[in-house]
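Protein chains get the first letters and strands the later ones, always in sequence-line order, with residue 1 at the start of each. Keep in mind that what you see is a predicted model, and the values were worked out from it rather than measured.
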Amino acid sequence: MVEFGLLIVVFVLPASLSLKGKGAVRGVMAPAERGTSGLGQRFSEAASAIRGIGGAVEKNRELAHEMVRIQTELNQLRDVEAENLRLRRAFRFHHQTPFSMIPCDVISRNISGWWNSVRIGKGSADGIRENHAVISPDGLVGKTTEVSKRSSEVLLVCDPACRVSAKIERAGAFGLLRGGGVDFRGHPTARMDFIDKDTEVRAGDEVVTSGLSGEGGVFPKGVHIGYIEKVHQDASGLFQYAEIAPGATVSLLDYLFVVSQAVPEEKP
Amino acid sequence: MMARILMLGGIALGALVQAFLPTWPVFGGIKPPVLAAFALYYALHRSPRGMWIAVFWAALLSDGLDLGGFGPALIAFPIIGTLAHRVRLEIFVDGAVAQMAFGALGAMVAMLIATVVYTATGQRPFDFGYTLLRLVGAGLLGMATLPLVSLSMNKLETALPKHRGHGWQ
């Protein structure tokens, strides 16, 4: 009976206390999660190194082929490098916008698989608040939610609960982007709703953040989200909606940046 | 005492392993139910008190480390734990078939309860086909997870130093 009583107490906790309880559980587990994450990275590096030793001859052959291919691509890459430098300058949010970014390590993935989320090793003590944009060099990753003192959950852009105001860069049309989960091939998907039906939208158009944000969040303008894959007419006939392939793939990243509202740094 | 520390530590380690493991779209994108397997293992091998401690700790970690409110695991784990605990004396709990059957059923019940909780509270969209895939996936993953957890915990518990009596030798 005591056990059932304890369970009922946990169920009827108000949201704030429930979050505190979760914060306590996450606080207890955070050092272990950081350790596991670090260990996982080292293990992965060691595995790569071992694979390299085992297949040295094969690797040599591959590298010889690769060198020929790279030489032919070198000239093209010089142009790309120039373009890349230009884009990098454009991408420096902390010099161009009144936002600064907090670098964070990914310490854990979602435990159940029900949510598309990751946990980062910084929380309210580091200036992170709920509904702040989380970005990577590939673009928008998601937004912060359930922030505790030392860790925060990041709801990925492909999660159905994640909604972001978005804009189609070429057409200048606005819409609401929401996650579509992960498809049967394991690829993250998203959908942009409420696009003006008279706007010409094409597959391949780039989708970026509009900068509009509700719920007291912080979302910088113009962050790459992904590209349009298909365009459909809404059932009501008033709008169009588009299927989007989110660009940022967090499974390959160990660190992310949370956009904060901190005072901007002094420009040189 | 050592067995209890091992239990709490083992479950915490199980939570880390579950979070670290990848998801497979073919199983509906869910993680192998390591924490549910720990709850089942202790329900099948411990006294009611030990079972409740294990079930509560595993559920607290499962819900505490997940998004959304406390609920799915705190409902599911006590149910599967209590049911398994009731029938543990009528079956051979360390048999491979029993382990696989309990693992599959436990994971499926936990999945079903999570689906009901998330759908009823509007936290997750409901899709019949996807739910069916997840149920089958949970069953298969649970079938593989519980025997592995049982094997590991049996080995670890056997390796613990035995308490010796102080009477006449």
Side-chain angles (χ1 to χ4, degrees), chain A residues 2-4 6-15 17-19 21-30 32-37 39-40 43 107-119 145-146 148 151 153-156 159-161 178-187 251, chain B residues 9 12-13 15-36 48-49 51-53 55-56 59-75 77-78 81-82 110-111 114-115 117-118 122-125 127 130 133-134 137-138 141:
Chain A
V2 177
E3 295 86 359
F4 282 109
L6 203 57
L7 285 176
I8 289 165
V9 167
V10 176
F11 283 133
V12 296
L13 281 176
L17 275 179
S18 175
L19 194 61
K22 288 188 148 208
V25 173
R26 287 168 191 172
V28 168
M29 295 300 286
E33 284 178 331
R34 279 195 190 94
T36 315
S37 172
L39 207 66
F43 182 75
I107 60 167
S108 181
R109 313 275 157 182
N110 182 247
I111 193 167
S112 63
W114 271 99
W115 303 81
N116 301 104
S117 69
V118 292
R119 190 172 309 118
T145 178
E146 291 192 5
S148 55
S151 66
E153 288 285 335
V154 176
L155 195 63
L156 303 184
D159 190 277
R178 65 180 169 89
V182 177
D183 65 16
F184 289 107
R185 291 168 296 162
H187 299 156
S251 58
Chain B
L13 189 68
L16 293 175
V17 170
Q18 184 168 323
F20 189 72
L21 284 170
T23 57
W24 295 278
V26 71
F27 293 122
I30 56 157
K31 297 272 180 109
V34 181
L35 284 171
R49 189 181 164 81
M51 183 272 284
W52 273 107
I53 292 172
V55 159
F56 195 74
L60 205 64
L61 284 177
S62 183
D63 278 350
L65 294 175
D66 205 2
L67 269 174
F70 282 105
L74 277 166
I75 298 173
F77 289 8
T82 312
M111 174 55 58
T115 304
V117 169
Y118 284 138
Q123 293 184 71
R124 301 278 83 186
D127 180 90
Y130 208 59
L133 179 69
R134 278 175 172 247
L141 288 171

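Contact of B/Leu133 with chain A is made through the side chain alone, with heavy-atom distances under 4.5 Å. With a 4.5 Å cut-off on non-hydrogen atoms, A/Arg185 touches chain B through its backbone but not through its side chain. With a threshold of 4.5 angstrom between heavy atoms, B/Leu35 approaches chain A through side-chain atoms but not through N, CA, C or O. Proximity to chain B (any heavy atom under 4.5 Å) is shown, for A/Glu33, by both the backbone and the side chain. At a 4.5 Å heavy-atom cutoff, the contact between B/Thr115 and chain A is made by backbone and side-chain atoms alike. Using a 4.5 Å cut-off between heavy atoms, B/Ala15 contacts chain A through both its backbone and its side chain.
Note on A/Val28, A/Asp159, A/Thr145: by heavy-atom pairs under 4.5 Å with chain B, the leading option is A/Asp159. Contact count versus chain B (heavy atoms, under 4.5 Å) is highest, among A/Ser151, A/Ala24, A/Ala32, A/Gly35, for A/Ala32. For the set B/Tyr130, B/Tyr118, B/Phe20, the count of heavy-atom pairs under 4.5 angstrom toward chain A peaks at B/Tyr118.
Qualifying side-chain hydrogen bond (donor to acceptor under 3.5 Å, both in side chains) partners for A/Asn110, counting only residues two or more places apart in sequence or in other chains: A/Ser112, A/Ser117, B/Asp66.
Annotation: side chain of A/Asn116 is in contact with side chain of A/Pro160 (closest heavy-atom distance under 4.5 Å). Annotation: side chain of B/Gln123 is not in contact with side chain of B/Leu67 (no heavy-atom distance under 4.5 Å).
A distance-only check finds no donor-acceptor pair linking the side chain of B/Arg134 to the backbone of B/Gly29 [under 3.5 Å]. A/Glu146 places a side-chain N or O within donor-acceptor distance of the main-chain N or O of B/Gly68, the cut-off being under 3.5 Å. Judged purely by atom type and a 3.5 angstrom limit, B/Asp63 has no side-chain atom pairing as donor or acceptor with the backbone of B/Phe70.
In terms of heavy-atom proximity, A/Trp114 sits nearest to B/Met111 at CZ2-SD, 3.4 Å.
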